[in-house]
Amino acid sequence: EEIFIFGAGHVGKALARIASAGGFRVTVWDERSEYANEENIPWANTIACPIDDLFHSPEYAGLIHESSYVVVVTRGHSLDSGVMQRLEGRGAAYIGVIGSRGKIAFVDKQLKEQGTSEAFQRSTYRPIGLPIGAETPEEIAVSILAEIIAVKRGANVTALREAK
């Protein structure tokens, strides 16, 4: 099982660490080479920079597939929508994007303008993570990984998200 993390900031880095400890093969992408490197994220099996390498390089062909778990936690709204647009049609088991309601609305608007289908948008998890009241990057990473494990194990994620 593999988790793809788009964004190597605080949350992406924390998620890479706990996902690796949880037995996932971890691939991390960030457009900033000072973040996407082995010194910053030693738990990743693969680190990619720039994004075109991950989506167009023969080395990574078919890397994202129906048993992949994908998390979008980049540093900006436009980057999130750019990554999400590239993910449509990839058939991952889980695609989630972090953000407030405002950020999610912005990303949805951009995706619609770029021609991304509403069905794809509805199939994604947003905002990602189970509602555990997480505040720190590590707590947010735990909430994200808990949601991914719930999807992986066939739990009722809707009920878990609605429980408070």
Side-chain angles (χ1 to χ4, degrees), residues 1-16 19 24 26-33 35-36 41 44 46-132 134 137 140-141 143-152 154-162:
E1 293 139 353
E2 186 153 20
I3 186 168
F4 291 85
I5 304 167
F6 290 89
H10 299 303
V11 172
K13 182 176 180 176
L15 181 57
F24 286 85
V26 177
T27 295
V28 177
W29 171 85
D30 200 289
E31 84 285 7
R32 304 163 293 177
S33 60
Y35 286 82
I41 306 184
T46 305
I47 297 174
C49 181
I51 197 164
D52 287 339
D53 285 356
L54 197 54
F55 285 102
H56 301 297
S57 168
E59 176 184 359
Y60 299 116
L63 203 57
I64 297 174
H65 49 78
E66 58 277 345
S67 59
S68 301
Y69 301 88
V70 181
V71 174
V72 181
V73 289
T74 74
R75 66 181 173 91
H77 299 23
S78 294
L79 279 171
D80 284 352
S81 49
V83 170
M84 293 294 285
Q85 183 183 22
R86 287 177 163 100
L87 290 169
E88 185 173 25
R90 301 266 173 189
Y94 174 98
I95 298 174
V97 63
I98 200 168
S100 64
R101 284 187 179 101
K103 180 179 182 179
I104 298 300
F106 178 89
V107 169
D108 283 350
K109 182 176 182 260
Q110 282 200 317
L111 289 174
K112 186 175 182 179
E113 289 171 0
Q114 296 164 350
T116 305
S117 75
E118 286 185 35
F120 170 70
Q121 291 177 45
R122 283 191 310 272
S123 73
T124 63
Y125 293 82
R126 54 221 170 99
I128 52 174
L130 295 180
I132 61 171
I140 294 166
S143 76
I144 294 167
L145 191 60
E147 184 171 75
I148 289 171
I149 291 169
V151 168
K152 175 181 157 184
N156 184 339
V157 177
T158 303
L160 291 170
R161 286 175 145 258
E162 292 173 356

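Everything numeric in this text was worked out from a predicted model, so none of it was measured.
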[atom1]-[atom2] distance between [X] and [Y], expressed to the nearest 0.5 angstrom:
{"X": "I5", "Y": "L15", "atom1": "CD1", "atom2": "CG", "value": "4.0 Å"}
{"X": "F4", "Y": "T46", "atom1": "CZ", "atom2": "OG1", "value": "7.5 Å"}
{"X": "L130", "Y": "L145", "atom1": "CG", "atom2": "CG", "value": "10.0 Å"}
{"X": "I95", "Y": "I64", "atom1": "CD1", "atom2": "CD1", "value": "7.5 Å"}
{"X": "I128", "Y": "I144", "atom1": "CD1", "atom2": "CD1", "value": "3.5 Å"}
{"X": "F24", "Y": "I149", "atom1": "CZ", "atom2": "CD1", "value": "5.5 Å"}

Listed by chain and number, what are the side chain to side chain contact (heavy atoms under 4.5 Å, CB included) partners of [X], not counting sequence neighbours?
{"X": "A134", "value": "I132, E139, I140, S143"}
{"X": "A105", "value": "none"}
{"X": "R122", "value": "E118, A119"}
{"X": "A159", "value": "N156"}

Query raised in the report: salt bridge (Lys or Arg N to Asp or Glu O under 4.0 Å) with E2: which residues, sequence neighbours excluded?
Result: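 By the salt bridge (Lys or Arg N to Asp or Glu O under 4.0 Å) rule, E2 matches R25.
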**Report entry** K109: salt bridge (Lys or Arg N to Asp or Glu O under 4.0 Å) partners, not counting sequence neighbours
**Finding:**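 Residues passing salt bridge (Lys or Arg N to Asp or Glu O under 4.0 Å) with K109: E113.
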Query - Pairs where residues 73-84 contributes a residue and the test side chain to side chain donor-acceptor pair (under 3.5 Å) is met, not counting sequence neighbours - result: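 Passing the test, one end in residues 73-84: E31-R75, T74-D80, D80-K103, S81-Q110.
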Can you sort out the partners of [X] under side-chain hydrogen bond (donor to acceptor under 3.5 Å, both in side chains), two or more places apart, ordered by chain and number?
{"X": "S117", "value": "E88"}
{"X": "E1", "value": "K152"}
{"X": "T124", "value": "R126"}

Query - Non-neighbouring partners of Y125 that pass ring pair (Phe, Tyr, Trp, His ring centres under 6.0 Å), sequence neighbours left out - result: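 By the ring pair (Phe, Tyr, Trp, His ring centres under 6.0 Å) rule, Y125 matches Y94.
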Could you tell me which non-hydrogen atom of [X] sits nearest to which non-hydrogen atom of [Y], and how far apart they are?
{"X": "R32", "Y": "G9", "answer": "NH2-N, 4.1 Å"}
{"X": "R86", "Y": "R90", "answer": "O-NE, 3.1 Å"}
{"X": "A141", "Y": "V11", "answer": "CB-O, 4.4 Å"}
{"X": "D30", "Y": "A8", "answer": "OD2-N, 2.7 Å"}
{"X": "I104", "Y": "G99", "answer": "CG1-O, 4.0 Å"}

Query raised in the report: If we only count heavy atoms from C-beta on, is the L79 to F6 side-chain gap below 4.5 Å?
Result: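 Sidechains of F6 and L79: no contact.
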**Report entry** Where at least one partner belongs to residues 3-16, residue pairs that pass salt bridge (Lys or Arg N to Asp or Glu O under 4.0 Å), sequence neighbours excluded
**Finding:**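 Counting only pairs at least two positions apart or across chains, no salt bridge (Lys or Arg N to Asp or Glu O under 4.0 Å) contact touches residues 3-16.
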